[in-house]
Amino acid sequence: MDKRVRVRFAPSPTGGLHLGGMRTVLYNYLFAKKHGGDFVLRIEDTDQSRYVPGAEEYIYNCLKWAGLEPNESPVNGGQFGPYRQSDRKDLYRKYAEQLVKDGYAYYAFDTPEELEKMRHDFKTEHNPSPQYDSSVRMKMRNSVSLSADQTEGLLNENVKHVIRVKMPEHETITFSDMIRGKVSFDTSVVDDKVLLKADGMPTYHLAVVVDDHLMKISHAFRGEEWLSSAPVHILLWKYLFGLNEMPQWAHLPLILGPNGKLSKRDGAKYGFPVFAMNWTDPKTNELTEGFKEKGFLPEAFINLLALLGWNDGTEQEIFTKEELIEKFSIERVHSGGAKFDYEKAKWFNHEWIKKSEVRSLEPEVRTLFNEKGITDIDSFILEKVISLVKDRCTFLTDFYDHSFFFFKAPEKWDVDAVKPKWNEAKQLFFAELIRNYELSNDWKATSLENSFKEIAAANQIKPGEVLLPLRIMLVGGKFGPGVFDIAEILGKEETISRIKKALTAF
RNA sequence: GGCCCGUUCGUCUAAGGGCUAGGACACCACCCUUUCACGGUGGUGAUACGAGUUCGAAUCUCGUACGGGCUACCA
């Protein structure tokens, strides 16, 4: 009844963590937190040949950055460890043997060559990919087709073998998916999956069932690509631990790219990140850009991810993590796949930057400036700068482009924008402006603007004609926030000095 | 090929038998702004197709088409 909610996310450490994976994490996390349960991170590295060193720390760091720390993981431990399947190798054999003993599985001695031959020989126009199932089982070398003595002999000779599940011939497996409702399969269409490989490692199918049981997982959310193998897992649960103990399943729809399933390649091709954080493949040295490094706020990242396939039924689109936890419900997750729209992703980030407190943005922006070689920035100034420019920043990294000039006087000016219309009158205007500003004792944007306009009027110049030149004097080009706001933050001395310096170049 | 899942503006989606199918992103126009943005107002734009059930269907049923997933000693 009040079964503890424990949801798990179990990626394979084969490289970066893409959007689909992160969304699975998010939904797991939200569901667990909403119900006061634990979020478990397990690493599924049962295929050691595809294992990439460093991947699991990377996965953990991605979760941490997004604010989705697991309660239990290979990195921070937990009471049901180890959380890395390769560290649990010895556990699985026992269960596989148990299945053999109970008649639900069998030893198979077929070599890779023999399997290939079978797939070739049984291939027909109507069956282009023959499976190892009840129809071919008796024609292969396994403990079902062989006599007990023969099997015994092969086992004693240590002949390489696997353990395969013996799928029933015509049984309908029905289960309830939290997103899709009732889903059913006929066991005749699923093959005799390998449970324990020749090297003694379990396959995903065995490991996921055993681990979910041992770790007392109550809910398992995973990608839609697992839906077809769900009957295998359900059967294993039935044979091993009983269906009453089985977690509740939810198969999440896929996230699609511009052309079908979202891939790493799509990111490179269309210029958007697909991984949570930068990932450099140690084998190929290939770098895949992450949302973090691109300048996304973690709050925006989880917000946009959550809304890709879920909404709360209202028109609200901006959610804090706390709101997501409160309002999330797995039943409202769509069953159809969603195409990732980078433009909308950028909008989410922009909204979050606008919404963020200046102080919370400050450390990130300071780091950004430090990386660009601008250090020792006064906090008071930095906060004023951030609040002035944040409305125009889509990415965290935009803060540099939109405000570097506050800390670096221009060396060059966009003279082409000024020169053609430059004349004696303007020269005189700026000379007077300097005199006026030097005497100013109220260095505020509004009073600076007022004096500016008064002097322009006295000289019979339209303010518009000298406003752009002033902007270019202060920042070097046709960009930035309001000119007088810039001047206010720059301060009296710096502003006057920049005008004087630029005047010599015009 | 077989099995499973899916299909509402270009994209993400709302509407769970009943108003002119609503919102957001993007796009376009206008306003604001003597830089660029932000912001404001408005606009273009969708129920894949065909049957059936019903007084009434985006919604329920069936078929077709299209898309996706699986079909490994990968996860």
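Just the heavy atoms: all of them, side chains too, but no hydrogens, waters or symmetry mates, feed the values below. Remember, it's a predicted structure, so these values are computed and weren't measured experimentally. Below, chain A is the first sequence line, B the second, and so on; all start at residue 1.
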Taking B:C73, B:U35, B:U71 as options, the one with an atom nearest any side-chain atom of A:Phe479 is B:U35

Closest of B:C74, B:A24, B:G6 to the A:Arg50 side chain is B:C74

Here the distance between atom P of B:U35 and atom CZ of A:Phe405, to the nearest Å, is 15 Å

* Separation between the P atoms of B:G6 and B:C62, rounded to whole Å -> 12 Å

May I ask you to check whether A:Tyr204 and A:His233 place their ring centers less than 6.0 Å from one another? yes

The nucleotide from B:U11, B:C25, B:C70 with an atom nearest the side chain of A:Glu225 is B:C70

- Item | A:Arg164 vs A:Lys193, side-chain contact (heavy atoms from CB on, under 4.5 Å): CA-CA, chis, key distance, verdict | CA-CA 5 Å; A:Arg164 285 180 182 270; A:Lys193 293 272 181 234; over 6 Å; no

With the side chain defined as heavy atoms from C-beta on, A:Pro112 is closest, among B:U71, B:C73, B:A37, to B:C73

Per the O4'-C1'-N9-C4 / O4'-C1'-N1-C2 angle with a 90° window around 0, B:C38 comes out syn

With the side chain defined as heavy atoms from C-beta on, A:Thr46 is closest, among B:A75, B:G1, B:A24, to B:A75

Testing B:G23, B:U34, B:U13 for proximity to the side chain of A:Pro463, the answer is B:U34

Quick one: label A:Ser228 by what it contacts on the DNA or RNA (base, sugar-phosphate, nothing), any heavy atom closer than 4.0 Å.
base

Rounded to whole Å, NZ of A:Lys346 lies from P of B:C27 at a distance of 9 Å

Requested in this report: Sticking with atom P, work out how far B:G16 lies from B:G22, rounded to a whole angstrom.
Outcome: 14 Å

| Would A:Glu97 and A:Lys94 pass as an ion pair if we require N to O under 4.0 Å? | no

A:Leu308 CG to B:A14 C1', in whole Å, measures 16 Å

- Message: Ring of A:Phe275, cation from A:Lys264 - is the NZ or CZ under 6.0 Å from the centre and inside 45° of the axis?
- Response: no

Using a heavy-atom cut-off of 4.0 Å across all strands, would you classify A:Leu256 as base, sugar-phosphate, or nothing? nothing

Side-chain atoms of A:Leu254 come closest, of B:G68, B:G1, B:C74, to B:G68

Out of B:C25, B:C70, B:C36, minimum distance to the side chain of A:Trp347 belongs to B:C25

Query raised in the report: Which part of the nucleic acid, if any, lies within contact of A:Lys160, taking any heavy atom under 4.0 Å across all strands shown: a base, the sugar-phosphate backbone alone, or nothing?
Result: nothing

Checking B:A75, B:A24, B:U11 against the side chain of A:Lys344 (C-beta onward), the nearest is B:A24

Taken to the nearest whole Å, CG/A:Asp485 to P/B:U34 is 12 Å

On the six-membered ring of A:Trp347, is A:Lys344 placed so that its NZ or CZ lies under 6.0 angstrom from the centre and within 45° of the ring axis? yes

Per atom distances to the A:Arg392 side chain, the nearest of B:U13, B:C70, B:C36 is B:C36

